[in-house]
Amino acid sequence: MIGLFDTFARPLMALIEAETAHALAIKALKFAPLPLPAAEDTRLAVRAFGLDFPNPLGMAAGFDKHAEVPDALLRLGFGFVEIGTVTPRPQGGNPRPRLFRLPRDQGVINRLGFNSEGADAVLRRLAARAHAAGIVGVNVGANKESTDRIADYVRQIALFAPVASYFTCNISSPNTPGLRDLQQGSVFDELTARVLEARDRASACAGRKPVLIKIAPDVTLGELDDIVNVARRRRIDGMIIGNTTVARPAWLREQAIAKEAGGLSGRPLFKLATRMLAETYVRVEGAFPLIGVGGIDSGATALAKIRAGASLVQLYSALVFRGLGLVGEIKNTLRDALTRGGHPSLDGLVGTDAAAMVTEKWPA
Ligand SMILES: Cc1cc2nc3c(=O)[nH]c(=O)nc-3n(C[C@H](O)[C@H](O)[C@H](O)COP(=O)(O)O)c2cc1C
């Protein structure tokens, strides 16, 4: 099924305008009769944030923004799915076109700007699958016009607590003006305090749901020091490193498309995001686990993220260029690495390269 799709449908998708192709992919996943996934190699299982992941590979936020196909994605072999970003009230996002492929760089630029059907619509979908198996995280954000953005995160944590496996607070999208200021100093401290308070209040009815913070790969190392200090002091459950970058490496081949405003993801993001992951890992000192995301497009790049400090990984952009067969390919590479090294699980590989990486020259 996946092979057929990758062989015939994906090359056609490459010819269609990027956002239309994405809508078609969601539709296909909604209606395709997907088989149950093959039994998972138990060595790939990861325990993190108090949750048991069957494998470490997750679908990153942004693919299934409105929770239309989380179960289809789980059936395709992802170990977990992060839906969203969801905003409290529905909003349309930026005008189209707002999603661009950089084929020769295997990159994507998006300035969607949190197009969201809104929390109520997403909640109805998640409630309808509340008893289904599988880890589905809810990535929450703020409405563009909101006057109290932190309140938008707080409200949604209360609302989604009964149906979310975990929460991600997305404070790093470059496409909502001012959103990334939530990563700064006392504002970040207030955000973490209030969202964790909301989570604790909801725990009595919904159980204790892990809360993660997703940061930009563009924060300075000084800002990262402050973020990690607050995250450790407030006992955040984990961090995701990271979101798309506003940087445009000079070596991009698609220079004309690179001028589009928005966040860059995919292969051109790999080095920066992986370095920031290692920088975070050495600062966190094991206080909580990290999810590594940004530019994973092969088994080798997934393994590199784990060695840089990721307990779990996520991807999105590479699916546009490599197709769904990538999911199985990555899991095979991870399995082979465990066999070669004689490791019983991935735990032994997490962060093994981090200390060396942070001494290297900063990636261009
Ligand atoms: C089209 C698109 C939409 C995205 N939307 C979101 C989003 O709504 N929330 C979020 O936290 N990240 C979003 N992201 C960022 C991804 O989750 C991920 O952090 C980033 O793309 C790097 O991973 P990748 O290189 O594997 O794509 C989006 C990425 C893309 C390409």
Side-chain angles (χ1 to χ4, degrees), residues 17-23 25-26 57-67 73 78 80-87 91 93-94 96-102 105-117 122 137-144 153 156 166-176 179-180 182-183 212-218 239-247 249 260 262-274 276-277 290-298 301-302 304-305 310 312-322 326-327 330:
E17 188 269 324
E19 197 168 345
T20 309
H22 175 258
I26 295 278
L57 179 59
M59 182 76 208
F63 179 81
D64 188 8
K65 281 184 186 268
H66 322 299
L73 293 168
F78 283 104
F80 63 111
V81 174
E82 188 167 311
I83 65 99
T85 293
V86 189
T87 58
Q91 62 177 29
N94 290 321
R96 287 168 80 158
R98 52 191 182 173
L99 179 59
F100 308 88
R101 305 183 189 97
L102 290 72
D105 301 303
Q106 307 256 304
V108 172
I109 291 177
N110 93 81
R111 53 166 178 272
L112 294 170
F114 285 173
N115 53 313
S116 176
E117 290 183 8
V122 172
V138 177
N139 178 310
V140 292
N143 278 114
K144 186 177 177 188
Y153 294 84
Q156 293 189 95
Y166 70 87
F167 285 103
T168 298
C169 294
N170 177 8
I171 52 173
S172 47
S173 165
N175 301 314
T176 296
L179 190 87
R180 289 179 301 166
L182 293 171
Q183 298 174 122
L212 321 183
I213 300 288
K214 183 168 178 177
I215 65 167
D218 303 324
M239 279 172 58
I240 305 185
I241 299 102
N243 216 311
T244 57
T245 179
V246 293
E260 293 291 348
L264 172 68
S265 56
R267 189 174 288 173
L269 173 59
F270 179 76
K271 282 199 176 126
L272 172 66
T274 308
M276 287 306 289
L277 171 66
L290 306 178
I291 300 183
V293 49
I296 293 175
D297 62 359
S298 62
T301 46
K305 286 280 189 210
L312 299 159
V313 295
Q314 293 175 323
L315 61 79
Y316 178 174
S317 301
L319 293 175
V320 173
F321 303 104
R322 299 288 322 280
L326 187 55
V327 176
I330 288 174

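In this text, all values refer to a predicted model and were calculated from it rather than measured experimentally. For ligands, and for the atoms within them, numbers begin at 1 and follow the listed sequence.
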Checklist line | K144 atom NZ, neighbour heavy-atom count above 12 within 6.0 Å | finding: no
Check: Which atoms form the tightest heavy-atom contact between L269 and P217, and what is the distance?
Finding: CD1-CG, 3.9 Å
Check: Under 4.0 angstrom from ligand 1, any heavy atom of G242?
Finding: yes
Next item on the list: Mark yes or no for whether E260, through its side chain, and F100, through its backbone, hold a donor-acceptor pair below 3.5 Å.
Entry: no
Margin query: In this structure, does ligand 1 have an atom that sits under 4.0 Å from one of the heavy atoms of G266?
Written below: yes
Note to self: Would the distance check show the side chain of N243 and the main-chain N or O of N170 forming a donor-acceptor pair, the cut-off being under 3.5 Å?
What the structure shows: no
Checklist line | Note: R322-D297 ion pair, threshold 4.0 Å (strictly below) | finding: no
Notebook entry, point to check: When you look for heavy atoms under 4.0 Å from ligand 1, do you find them on the side chain of K65, its backbone, both, or neither?
Noted result: side chain
Checklist line | Nearest protein heavy atom with distance in Å, relative to atom 31 (C) of ligand 1 | finding: S265 OG, 3.4 Å
Checklist line | For G84, the ligand 1 atoms whose distance to one of its heavy atoms is below 4.0 Å | finding: 8 (O)
Check: For ligand 1, is there an N or O atom under 3.5 Å from any N or O atom of N110?
Finding: no
Margin query: So, taking the atom named CG in L73 and the one named CD in E82, what distance separates them when rounded to the nearest 0.5 Å?
Written below: 12.5 Å
Checklist line | Nearest neighbour in protein (non-hydrogen) for atom 12 (N) of ligand 1 | finding: K214 NZ, 3.0 Å
Note to self: Tell me whether G295 has any N or O atom under 3.5 angstrom from an N or O of ligand 1.
What the structure shows: yes
Checklist line | Distance-minimising heavy-atom pair for S116 and V86 | finding: OG-CA, 3.7 Å
Notebook entry, point to check: Who gets closest to atom 3 (C) of ligand 1 by heavy atom: L112, V140, T85?
Noted result: L112
Next item on the list: Identify, by atom number and element, the atoms of ligand 1 in contact range of S317, meaning under 4.0 Å from any of its heavy atoms.
Entry: 24 (P), 25 (O), 26 (O), 27 (O), 31 (C)
Notebook entry, point to check: Does R96 offer a backbone N or O that forms a donor-acceptor pair with the side chain of E19 under 3.5 Å?
Noted result: no
Next item on the list: Test Y153 against L182 for side-chain contact (heavy atoms from CB on, under 4.5 Å), laying out the working first.
Entry: CA-CA 11 Å; Y153 294 84; L182 293 171; 3.7 Å; yes
Notebook entry, point to check: With a cut-off of 4.0 Å, which atoms of ligand 1 are near a heavy atom of V293?
Noted result: 18 (C), 19 (O), 22 (C), 23 (O)
Margin query: Could you identify the single nearest non-hydrogen protein atom to atom 26 (O) of ligand 1 and state the distance to 0.1 Å?
Written below: Y316 N, 3.0 Å
Note to self: So for G294, does at least one of its heavy atoms come nearer than 4.0 angstrom to any atom of ligand 1?
What the structure shows: yes
Check: Among V86, L99, T168, N243, whose heavy atom sits nearest atom 1 (C) of ligand 1?
Finding: L99
Checklist line | From A61, S173, G62 - option closest to atom 16 (C) of ligand 1 by heavy atom | finding: A61
Item checked: Interfacing atoms of ligand 1 (cut-off 4.0 Å, heavy-atom, L269) -> 22 (C)
Check: Any idea which atoms of ligand 1 are less than 4.0 Å away from a heavy-atom of L315?
Finding: 26 (O)
Notebook entry, point to check: Rounded to the nearest 0.5 Å, how far does CG of N139 lie from OH of Y166?
Noted result: 8.0 Å
Item checked: Residue portion contacting ligand 1 (non-hydrogen atoms closer than 4.0 Å) for H22 -> neither
